[in-house]
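See structure below.
Just so it is clear, the model here is predicted, and its values are computed rather than measured.
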Amino acid sequence: MAAKANRHKQRERKTWFGWGDISAYEVNFMNEFILIVGFAVLPALGNFIGAVIAEKVDTPRWTIGAALHGAAGIAIALVSLEMLPFILASLPVSIFAIGFVLGAGASLLVAKGIVLWQNGGQIRATQAFMVYTVIGADLFSDGLMTGAGGAVALEVGLLLAGAQLFANVPGGFAAAGNLKHYRIPVGRRLAAAALAGTPALLSAIVGYAVFRHAAPETQAFALSVIAGILLLATIEDMVPEGDAPPPPRWSSTLAFAIGFAAMAVTVSSV
């Protein structure tokens, strides 16, 4: 009777969220899922640290321009060294081109949306906010890679996220400093810095919970769209913003080279 009562009690036992008993596999999935979300916070944290530094420190305009060129180097290295090899190994070039064009179109729509948000504001202010499109696309890619890498091995997800923690500080500094230069209200500046981390969390969830079961072709097409968003926003908005007014050529060249090289070393080490 005691054994029967124990079995009945076990069947009736509820978990803390009230869904009933769950398997060991589900427990492991939830534990790993929580870790992946925690990992995804790291790239966003790097961006936010950079934004806080920009808010606390007054810097000459040319240093912000140089930092934007450094962030552009990071973004271009991310696409060319990390994303494209996987994409081209998984997709025909024609399919990659379709995804890239879709991403470019999405970048344009984001720019138009920011114009409306600014109530028809000046182009320079629009470009200032478009810098956060690059940051957001970069963070989305970081989260996607963190989630997908964590699905293979948690150590890989942690390495990817930890590397991006340091790589994202210059971009966060440049983006926030740029908005500060244009005297965007502090509330909007802080909101932009905080919301910029949202794509990393969302894409990490997608990368782990969905893409770990998806075909490599599906993952590659999603990265093609991200590459289109990232490169178009970098070339059309981040670089022109970094050149308004132009920083000393030595500073922008050095910053771009260091950003690209730093990302290259990061990619080769994970």
Side-chain angles (χ1 to χ4, degrees), residues 43 68-115 123 126-127 129-149 151-152 160 163-164 167-168 171 175 196 198-200 202-243 256-257 259-264 266-268 270:
L68 284 169
H69 280 81
I74 291 173
I76 292 173
L78 175 66
V79 172
S80 59
L81 301 178
E82 177 68 23
M83 298 170 69
L84 280 182
F86 174 75
I87 292 170
L88 296 179
S90 305
L91 288 178
V93 174
S94 58
I95 302 301
F96 158 67
I98 292 173
F100 187 89
V101 170
L102 290 175
S107 177
L108 177 61
L109 290 177
V110 170
K112 295 295 185 182
I114 291 175
V115 171
I123 296 297
T126 298
Q127 286 185 331
F129 274 104
M130 275 299 292
V131 169
Y132 267 111
T133 301
V134 179
I135 301 298
D138 186 16
L139 287 170
F140 187 93
S141 176
D142 293 344
L144 195 65
M145 290 185 295
T146 297
V152 176
L160 288 169
Q164 297 308 314
N168 288 342
T198 305
L202 296 178
S203 61
I205 294 172
V206 171
Y208 182 73
V210 178
F211 279 176
R212 66 178 184 148
H213 295 308
E217 293 80 4
T218 303
Q219 299 175 0
F221 187 79
L223 288 178
S224 300
V225 176
I226 296 170
I229 296 172
L230 185 56
L231 280 186
L232 264 294
T234 298
I235 299 304
E236 295 289 351
D237 298 290
M238 179 172 279
V239 172
E241 188 61 30
D243 286 332
F256 184 94
F260 190 98
M263 178 56 68
T266 299
V267 168
S268 65
V270 295

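Residues meeting the side-chain contact (heavy atoms from CB on, under 4.5 Å) test with Leu88, sequence neighbours left out: Val93, Phe96. In terms of the side-chain contact (heavy atoms from CB on, under 4.5 Å) criterion, residue partners of Leu231 (sequence neighbours excluded) are, by chain and number, Ile76, Val79, Phe100.
Put simply, CZ on Phe260 and CG on Leu78 are 10.5 Å apart, with the number rounded to the nearest 0.5 Å. Note that the CD1 atom of Ile229 and the CG atom of Leu108 stand 11.5 Å from one another [nearest 0.5 Å]. Leu230 CG to Leu223 CG: the interatomic distance, rounded to the nearest 0.5 Å, is 11.0 Å.
Residue pairs that meet the side chain to side chain donor-acceptor pair (under 3.5 Å) test with at least one member in residues 68-81, sequence neighbours left out, are His69-Asp243.
Minimum heavy-atom separation, Leu232 to Ala104: CG-CB, 3.6 Å. For the residue pair Leu91 and Ser224, the shortest heavy atom distance occurs at CD1-OG, 3.8 Å. Contact detail for Ile74 and Met263: the closest heavy-atom pair is CG2-CE, 3.4 Å.
Checking side-chain atoms of Ser203 against main-chain N and O of Ala200 turns up a donor-acceptor pair under 3.5 Å.
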